[in-house]
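First the structure, in the form of structure tokens, and then the observations on it.
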Amino acid sequence: MANPRKVQAEIDRLLKKVAENMEVYETTYEKVEQAPNQVQKDKFEAELKKEIKKLQRLREQIKILHQNPEVKDKAQLEQTQRAIEVKMEGFKVVEKQHKMKAFGWEGLAAAKDDPVSRAKTKTCTWVTECIKE
């Protein structure tokens with residue numbers, strides 16, 4: 001059996017890697033959200049996909065360590081694994097938005113719900129009400 005100190009050191013290194021990659025993922029996710037045009041958005045989404053793949057590999061390592069009988073405190077591993085899974089769910093949403101066709105049913109419905117369209121609709125209804133009065 002491995003030395004408990006070595007196992008704990010391995011866990012600490014793994015959690016440090018996860019924290020660093022989560023930070024990179026967050027910055028890349030913000031870049032995707034704030035991208036001014038589609039070309040940059042595509043580029044940042046490709047970077048985001050690379051980062052999520054790294055996080056998935058680290059998640060698999062966490063699963064392996066979680067099954068190790070020498071690991072006593074598994075709560076931190078579970079929390080980290082769940083945090084990675086939440087990021088994966090967020091990436092799934094970004095990927096779905098990326099693959100949505102602009103003039104398909106979903107794309108047209110999403111265009112109605114964007115903040116600019118809502119503001120425009122609200123302004124139009126206000127102007128219409130003012131004219132009626």
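Counting from 1, the numbers follow the sequence of the chain as shown.
- Under 4.0 Å is where a charged nitrogen must lie from a carboxylate oxygen, and between K54 and E51 at least one such pair does.
- Considering only heavy atoms from C-beta on, L55 comes within 4.5 Å of M22 through its side chain.
- Taking CD1 of I62 as the reference point, atom CG of L14 lies at 5.0 Å (rounded to 0.5 Å).
- The two residues T28 and F44 come nearest to each other via the heavy atoms CG2-O, 3.6 Å.
- Inspection of the H66 and E78 side chains reveals an N or O donor paired with an N or O acceptor under 3.5 Å.
- The structure places CD of E70 at 10.5 Å from CD of E10, a figure rounded to the nearest 0.5 Å.
- Between Y25 and F91 the shortest side-chain heavy-atom distance falls below 4.5 Å.
- Put simply, the side chain of K49 does not reach to within 4.5 Å of the side chain of E45, judged on heavy atoms.
- The hydrophobic clustering, which links ILVMFWY residues whose side-chain heavy atoms are closer than 4.5 Å, places I52 and V24 apart.
- Once rounded to the nearest 0.5 Å, the distance linking CG of L77 with CD of Q61 reads 11.5 Å.
- Electrostatic pairing of R82 and E89 counts as a salt bridge here, judged by a charged N lying under 4.0 Å from a carboxylate O.
- With rounding to the nearest 0.5 Å, the separation of CD in Q67 from NZ in K63 is 8.5 Å.
- When all heavy atoms are compared, the tightest approach of Y29 to L48 is N-CD1, 3.7 Å.
- Considering only heavy atoms from C-beta on, I84 stays 4.5 Å or farther from K87 through its side chain.
- Other residues, nucleotides and ligands place more than 12 heavy atoms under 6.0 Å from the NZ atom of K74.
- Using a 4.5 Å heavy-atom threshold, the side chains of R57 and K53 count as touching.
- Annotation: the span from W126 atom CH2 to T121 atom OG1 amounts to 15.5 Å, rounded to 0.5 Å.
- Counting heavy atoms from C-beta on, the side chains of R5 and Q8 never come closer than 4.5 Å.
- Residues M88 and R59 form a side-chain contact, since some pair of their non-hydrogen atoms from C-beta on lies under 4.5 Å apart.
- The line from CD of E47 to CG of D42 is 12.0 Å long, rounded to the nearest 0.5 Å.
- Side chain of K41 to main chain of A35: no donor-acceptor pair is present (N/O by atom type, distance under 3.5 Å, no hydrogens or angles).
- Side-chain contact between V71 and N68 is present, with heavy atoms from C-beta onward closer than 4.5 Å.
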message = Using side chain to side chain contact (heavy atoms under 4.5 Å, CB included), reason through K96 and K92 one step at a time and then give a plain yes or no.
response = CA-CA 6 Å; K96 187 175 182 179; K92 194 185 310 184; 5.8 Å; no

